[in-house]
Amino acid sequence: MTELRIAQPNDKQRKMLEAATKHVGFGGARGGGKSWAVRTKAKLLALRYPGIKLLIVRRTYPELINNHVQILRAELLGVAQYNDKDKLLRFPNGSTIHFMYCARDGDLDRLQGVEYDVIFLDEATQLSEYQMKTITACLRGVNSFPKRIYYTCNPGGQGHGYIKRIFIDRRYEAGEDAADYTFIQSLVTDNKALMASQPDYIKQLEALPEKLRRAWLEGDWDIFEGQFFEEFRVAPDPARCAQAGIDVEQARIHGFWTHVIPAFDPPQEWKLYRSFDWGYSKPFSCAWWAVDFDGRIYRILELYGCTRTPNEGVKWTPDEVFRRIRQTEETHPWLRGRRIEGVADPAIWDQSGGESIAETAERYRVYFSPGDHKRIPGWMQCHYRLQFDENGVPMMYVFDTCKAFLRTVPQLIYDPLRPEDLDTSLEDHVADEWRYLCMARPIAPKAEQNEPQAGHPWGNPLAD
Ligand SMILES: Nc1ncnc2c1ncn2[C@@H]1O[C@H](COP(=O)(O)OP(=O)(O)OP(=O)(O)O)[C@@H](O)[C@H]1O
Ligand SMILES: [Mg+2]
């Protein structure tokens, strides 16, 4: 008979293994023994309860294979059978552990019609709130086994805000019950096994830049707080409107204390721009902007799509992209017959793969000048554009029809490795072409807001 030995958990891992609420958060720092706890809990549950279905999720396929599949397969050799095609470990008692990665929303399609009794989201903060909610919606089933979701996490990553809300700040929304949530913090210093086997690991964490050290060694969640463009407003703030004595609906229509306004016909006299970011394996983004006589920019139209992977939307070749841009400019009443100045990611002039993207564009009479791609000054320009003056009027607006901007820009967060920049693993193509446009028409920050706000993550990079 095969004997399965499981090492002793440390005190924090024991708490995680014993936790009995529907949602269990674990970790909050690097090296706390999180992935070990996930594998151990999954094994114990599968062995103890016949016929239950477990799911272990990581963001990428290599992480999933290296952190879980290979280790569990080896540990359970002779105990459970692994089916590589289905990414499934099957136990003799009928229980299963399924492995899944979720690098993009399209990966969620594989979840259709499946149900699980227990779900483990390892490195949950690497997933978006939408992805976490879509995956955990599969937690259901007719058996009487209690349903449970485990989230292991480090501060940083696209799910940071959501995980922080439910486990650290414990701010619950309608339909969420505080009693369903347990969080057990585990730091590297709690992981006695790692401290003994790799004493250098903690030295590596101690040597990190301060923000990152505080986040990953000490488990501080306030470092990459919130969104990258936290000042972006999709609707006027009622308190601000009340203070200014404006009705909220009137404020929305006229663009006070908001960046998003109902679309209108831009006057023929306003200058037009086109900004463009090419996605080699990711979506491309193209937008048209109008500029009023005060230099204020209005994002009036956009074309956003995917050039490679079919499950992320439309699959267009470069020719198709520029044919559509040309067609839009020839037919749309706001653009037809107008002079349009183009600015684009300088990488589109790269000729290493044969004809450059810029050359393809020219064949469709779509012309660009190379944008200035300095990132930090570029983001500062975007921030300056969003500042409201004393009357609540910003230097840029987005028409409420520009769905790609409204969907992707508010989701952007700080890059955990370079907290002064945004996390480029997210959908940042709209933000990138917006940045090129802002750099093509740079403005000065509002005088009274010249000083960086206290505690602003990047201090004042322009002062260097
Ligand atoms: N109770 C334990 N007994 C023996 N080894 C353990 C135990 N807990 C963790 N380890 C080992 O410590 C190391 C780090 O643990 P683990 O990978 O689970 O940490 P983690 O919190 O997931 O780290 P990261 O933040 O880097 O993902 C691994 O080699 C793991 O096998
Ligand atoms: Mg881990």
Side-chain angles (χ1 to χ4, degrees), residues 4-19 24-45 47 54-77 97 99-103 119-127 132 149-160 163-164 167-168 182-209 211-221 223-224 416-417 423 425:
L4 181 67
R5 285 176 177 276
I6 292 179
Q8 282 296 314
N10 64 45
D11 293 348
K12 295 293 179 64
Q13 289 169 330
R14 184 178 300 279
K15 285 198 172 128
M16 183 276 203
L17 297 174
E18 289 171 355
V24 179
F26 183 62
R30 292 298 303 270
K34 302 182 295 292
S35 299
W36 184 94
V38 162
R39 293 191 301 270
T40 304
K41 185 73 193 178
K43 275 188 293 200
L44 292 173
L45 286 170
L47 291 164
L54 310 167
L55 173 70
I56 298 181
V57 184
R58 278 288 291 235
R59 195 172 80 85
T60 68
Y61 181 71
E63 286 171 334
L64 183 70
I65 298 297
N66 294 332
N67 280 277
H68 296 297
V69 178
Q70 280 176 355
I71 302 179
L72 278 175
R73 269 183 82 171
E75 287 175 348
L76 293 168
L77 202 67
I97 302 178
F99 301 92
M100 173 189 170
Y101 66 92
C102 181
I119 295 174
F120 297 90
L121 304 176
D122 191 23
E123 299 286 354
T125 34
Q126 301 284 320
L127 305 171
M132 285 189 252
I149 307 160
Y150 294 88
Y151 309 70
T152 75
C153 46
N154 293 321
Q158 54 180 334
H160 175 102
I163 292 293
K164 180 167 183 282
F167 289 120
I168 311 295
T182 310
F183 181 70
I184 299 133
Q185 191 187 48
S186 171
L187 306 177
V188 63
T189 43
D190 292 307
N191 187 353
K192 303 287 179 273
L194 185 65
M195 298 284 280
S197 66
Q198 281 187 54
D200 279 354
Y201 188 78
I202 191 160
K203 291 205 188 95
Q204 284 168 19
L205 290 177
E206 278 165 353
L208 289 169
K211 278 194 205 319
L212 221 47
R213 180 173 56 70
R214 280 179 35 210
W216 286 354
L217 180 63
E218 296 161 27
D220 186 337
W221 286 80
I223 302 306
F224 319 115
L417 294 171
D423 183 341
S425 69

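Both ligands and their constituent atoms are indexed starting at 1 by order of listing. Please read these numbers as outputs of a predicted model, since none were measured by experiment. Hydrogens, waters and symmetry mates play no part in the numbers below; they use all other heavy atoms, side chains included.
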Sorted by chain and residue number, the side-chain hydrogen bond (donor to acceptor under 3.5 Å, both in side chains) partners of Q70 (sequence neighbours excluded) come out as none

Using side chain to side chain contact (heavy atoms under 4.5 Å, CB included) as the criterion, list what pairs up with Q126, not counting sequence neighbours. R59, E123

A37 N/O under 3.5 Å from ligand 1 N/O: no

Taking only heavy atoms of Y201 into account, list the atoms of ligand 1 that are under 4.0 Å away from them. 26 (O)

Anything protein N, O or S sitting under 2.8 Å from the Mg ion (ligand 2): count it and give me the total. 1

Number the atoms of ligand 1 from 1 as they appear, then name those within less than 4.0 Å of a heavy atom of L194, with their elements. 12 (O), 13 (C)

Nearest-neighbour protein heavy atom for atom 20 (P) of ligand 1, which is reported as residue plus atom name and distance: K34 N, 3.4 Å

Atoms of ligand 1 close to Q13 [distance to a heavy atom under 4.0 angstrom, numbered from 1]: 1 (N), 2 (C), 7 (C), 8 (N), 9 (C)

Under 3.5 Å between some N or O of ligand 1 and some N or O of G33? yes

Which atoms of ligand 1 have any heavy atom of P9 under 4.0 Å away? 1 (N)

Please determine if G31 has a nitrogen or oxygen closer than 3.5 Å to a nitrogen or oxygen of ligand 1. yes

For Q8, the ligand 1 atoms with a heavy-atom partner under 4.0 Å come out as 1 (N), 2 (C), 3 (N)

How would you list, by chain and number, every residue that makes a side chain to side chain contact (heavy atoms under 4.5 Å, CB included) with L47, sequence neighbours excluded? L4, V79, F91

With a cut-off of 4.0 Å, which atoms of ligand 1 are near a heavy atom of G32? 21 (O)

